[in-house]
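So the structure is just underneath, and the comments pick up after that.
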Number of protein chains: 2
Amino acid sequence: MRNAEKTKERLLQAAEAEFSQSGFSGARVDVICREANVNKRMVYAYFGSKEKLYTAVLHNLYQRLAHRETALLEEYQNSEDTERVIEAIIADNFQFLKDNPSFVRMLMRENLDQIADLSVAMFEKTNAMNLLRRAIERGMASGQLKADLDVDQVLLTLTTLCFSYFSNIHSMSILMKTDFTSDEQIEKRERVLTQMMLSYLRKQEEQRS
Amino acid sequence: MRNAEKTKERLLQAAEAEFSQSGFSGARVDVICREANVNKRMVYAYFGSKEKLYTAVLHNLYQRLAHRETALLEEYQNSEDTERVIEAIIADNFQFLKDNPSFVRMLMRENLDQIADLSVAMFEKTNAMNLLRRAIERGMASGQLKADLDVDQVLLTLTTLCFSYFSNIHSMSILMKTDFTSDEQIEKRERVLTQMMLSYLRKQEEQRS
DNA sequence: TGATAAAGTAAATGAACAGTTACTTATGGA
DNA sequence: TCCATAAGTAACTGTTCATTTACTTTATCA
């Protein structure tokens with residue numbers, strides 16, 4: 001009946017929903033407690049303050065991301081097939097962002113608010129970026145990809161294209177009168193982006209349909 | 001000494017700064033008043049409520065955008081040169097987003113919060129999107145561009161790439177250890193994006209260096 | 001079994017804040 | 001010049017909310 005771990009877990013989950021929905025200052029500790037079915041007192045017992053609860057939520061989300069990235073890295077770090085690696089990274093990104101809408105929202109808020117130190121620390125450890133960078137550099141060296149690519153710009157483009165599909169999905173749906181939140185549209189977007197990026201990166205003579 | 005118009009204007013400007021900085025619930029009416037050097041009472045006399053003040057700020061920003069877009073439309077709506085039109089639209093987007101960081105922030109917040117009715121209404125009137133659509137369709141018909149493009153996806157890509165450079169500029173600067181806010185980097189990004197999009201859209205045989 | 005520490009509750013406290021009220025001062029037309 | 005009205009001020013009100021306090025219940029192990 002009494003279980004500190006479970007209670008913490010429920011608080012964390014409710015907090016993730018509330019903070020990603022309403023932001024730090026918009027979020028209500030009372031709402032979090034109501035949703036979690038936990039007494040307000042426990043927030044302070046377990047987390048210390050609203051702010052520390054927010055940080056815990058953020059930390060938790062970055063953990064999930066890091067976990068996926070590690071798996072991806074292990075699978076592909078020795079792959080010679082540049083195009084497969086790029087495809088896999090895009091696919092992984094799409095899957096993660098689709099499965100974790102609150103991650104998308106929290107990251108948007110981090111971009112708006114101040115980029116908490118925690119985020120800075122996590123960004124610096126990110127693996128997928130390094131994997132992608134190495135894949136592109138290897139592809140350029142081996143002649144699979146164009147030789148004159150600006151690697152940083154390519155990374156920027158690719159990362160940005162994945163993330164912003166999800167972060168601007170609402171305004172874009174209105175702007176283009178299409179529901180981009182459907183699975184069908186998400187899959188389509190992934191396909192289009194992958195093809196576009198590959199066709200841009202590939203050497204001309206290796207161009208395929 | 002007393003001037004209702006000037007007072008309103010000062011309030012609006014201070015409100016734009018405060019709302020885009022802190023969001024609706026994070027923004028403090030007292031801060032807006034202090035910055036504007038205006039008594040709190042006047043917010044309620046002139047705008048009615050915090051919420052209506054927010055709406056006025058948003059409206060004002062959309063007006064600025066619409067103004068630019070109309071000018072762009074007049075200049076390019078009859079142009080036959082698809083590539084020049086695309087270049088001009090990207091250039092205009094970059095200029096506007098660079099000059100109006102609070103627009104970027106407010107739009108991010110609209111995406112996060114709920115997309116106010118006002119935003120929906122403004123999105124529906126947007127001109128640059130239609131101009132771009134027509135330019136691409138014309139380019140496809142005339143054979144300047146690939147014939148099998150998915151126009152909606154291209155519009156999505158282009159709009160997104162411009163906006164998200166500015167909206168994610170902070171996390172990206174950290175992630176890639178580069179200050180993307182400098183004029184130099186902004187110009188570089190515009191150049192790279194323009195070239196990338198054009199090289200992707202062009203028919204293969206018309207490919208240039 | 002019963003004492004003690006952990007888990008949980010309900011209600012209070014006080015600060016921050018949006019919105020109001022009652023009042024004062026400047027301005028411009030009669 | 002004076003008065004009607006618009007512009008502006010300062011202090012107050014009521015609410016919302018994060019955080020605390022004082023108290024109760026449950027579990028565990030000596």
Side-chain angles (χ1 to χ4, degrees), chain A residues 1-60 102 105-106 109-110 112-114 116 118, chain B residues 1-60 102 105-106 109-110 112-114 116 118:
Chain A
M1 203 183 213
R2 286 179 165 203
N3 186 330
E5 284 312 304
K6 283 269 164 61
T7 303
K8 261 190 228 181
E9 187 49 43
R10 263 182 299 147
L11 270 178
L12 214 51
Q13 239 180 279
E16 182 179 317
E18 174 72 359
F19 282 129
S20 70
Q21 188 57 232
S22 309
F24 181 75
S25 60
R28 297 291 157 248
V29 175
D30 292 279
V31 171
I32 293 171
C33 294
R34 184 173 359 106
E35 290 304 304
N37 253 299
V38 165
N39 190 279
K40 218 171 169 181
R41 173 74 177 73
M42 305 324 283
V43 167
Y44 298 91
Y46 293 140
F47 297 95
S49 67
K50 184 186 182 184
E51 199 157 341
K52 283 184 185 156
L53 178 58
Y54 180 89
T55 306
V57 167
L58 204 55
H59 186 77
N60 193 43
S102 38
R105 299 174 64 84
M106 292 288 277
R109 296 196 185 281
E110 286 294 294
L112 272 168
D113 296 346
Q114 79 267 256
L118 175 62
Chain B
M1 203 184 215
R2 288 182 165 199
N3 186 329
E5 283 312 304
K6 283 269 162 61
T7 304
K8 259 191 231 185
E9 187 49 41
R10 264 182 300 145
L11 270 178
L12 214 51
Q13 241 181 278
E16 182 179 315
E18 174 72 358
F19 282 129
S20 71
Q21 188 57 230
S22 309
F24 180 76
S25 60
R28 296 292 157 246
V29 175
D30 292 281
V31 170
I32 293 171
C33 295
R34 180 166 15 97
E35 291 303 304
N37 254 301
V38 166
N39 191 280
K40 212 171 170 182
R41 171 77 178 71
M42 306 323 284
V43 167
Y44 297 91
Y46 292 141
F47 296 96
S49 67
K50 184 186 182 184
E51 199 157 340
K52 283 185 185 156
L53 178 58
Y54 180 89
T55 306
V57 167
L58 204 56
H59 186 78
N60 194 43
S102 37
R105 299 174 65 82
M106 292 289 276
R109 295 196 186 282
E110 286 294 295
L112 273 167
D113 295 346
Q114 80 267 253
L118 175 61

- [ ] Kindly state which residues belonging to residues 27-35 of chain A come within less than 4.0 angstrom of DNA chain C, counting heavy atoms of the residue only, listed by number.
- [x]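 Contacting residues: none.
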
Task: Strand-adjacent residues in residues 4-15 of chain A, judged by heavy atoms under 4.0 Å from DNA chain C - done: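 Nucleic-acid contacts, sorted: A/Ala4, A/Thr7.
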
Mind checking the [atom1]-[atom2] spacing from [X] to [Y]? Nearest 0.5 Å is all I need.
| X | Y | atom1 | atom2 | value |
| --- | --- | --- | --- | --- |
| A/Asn60 | A/Glu9 | CG | CD | 7.0 Å |
| B/Leu58 | B/Phe19 | CG | CZ | 10.5 Å |
| B/Tyr54 | B/Ser25 | OH | OG | 10.0 Å |

Task: B/Val29 side chain near B/Leu53 side chain, heavy-atom distance below 4.5 Å - done: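 When only atoms from C-beta onward are counted, B/Leu53 and B/Val29 do not touch, as no gap falls below 4.5 Å.
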
Open item on the list: For a 4.5 angstrom cut-off between non-hydrogen side-chain atoms, does A/Glu35 reach A/Val31?
Closed with: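 SC-SC contact between A/Glu35 and A/Val31 confirmed.
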
TODO: Could you note down all residue pairs passing salt bridge (Lys or Arg N to Asp or Glu O under 4.0 Å) where residues 46-59 of chain A supplies at least one of them, sequence neighbours left out?
DONE: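 Salt bridge (Lys or Arg N to Asp or Glu O under 4.0 Å) check on residues 46-59 of chain A returns no pairs.
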
Between [X] ([atom1]) and [N] ([atom2]), how many Å, whole number?
| X | N | atom1 | atom2 | answer |
| --- | --- | --- | --- | --- |
| B/Lys50 | D/dT15 | NZ | P | 18 Å |
| B/Asn3 | D/dA7 | CG | P | 9 Å |
| A/Met42 | D/dT21 | CE | C1' | 14 Å |

TODO: For B/Lys40, check salt bridge (charged side-chain N to carboxylate O under 4.0 Å, His left out) against everything at least two apart and list the hits.
DONE: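 If we apply the salt bridge (charged side-chain N to carboxylate O under 4.0 Å, His left out) test to B/Lys40, skipping adjacent residues, the hits are B/Asp30.
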
Open item on the list: Going by the rule salt bridge (charged side-chain N to carboxylate O under 4.0 Å, His left out), which residues pair with A/Glu18 if we only count those two or more places apart in sequence or in a different chain?
Closed with: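 In terms of salt bridge (charged side-chain N to carboxylate O under 4.0 Å, His left out), with neighbours along the sequence ignored, A/Glu18 is linked to no residue.
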
Task: Those residues that, when tested against A/Ser102, pass side-chain hydrogen bond (donor to acceptor under 3.5 Å, both in side chains) (two or more places apart) - done: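 A/Ser102: side-chain hydrogen bond (donor to acceptor under 3.5 Å, both in side chains) contacts with A/Glu16.
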
Task: Sugar-phosphate, base or nothing in reach of B/Tyr46, heavy atoms under 4.0 Å - done: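 Sugar-phosphate, no base atom in range.
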
Table of protein N/O atoms under 3.5 Å from nucleotides 10-14 of chain D N/O atoms:
residue: D/dA10; atom: N7; partner: B/Asn39; partner atom: ND2; Å: 3.3

What pairs with [X] under side chain to side chain contact (heavy atoms under 4.5 Å, CB included), at least two apart in sequence or on another chain?
| X | answer |
| --- | --- |
| A/Thr55 | A/Leu118 |
| A/Gln21 | A/Arg105 |
| A/Ala36 | A/Arg10, A/Leu11, A/Ala14, A/Val38 |
| B/Arg41 | B/Asn39, B/Ala45 |

TODO: For DNA chain C, note the earliest and the latest nucleotide, 5' to 3', having some atom under 4.0 Å of a heavy atom belonging to chain A.
DONE: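 Span of nucleotides near chain A: C/dA6 to C/dA10.
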
Open item on the list: Please confirm whether the shortest side-chain N or O distance from A/Tyr44 to OP1 or OP2 of D/dT21 is below 4.0 Å.
Closed with: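 No, no such contact exists.
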
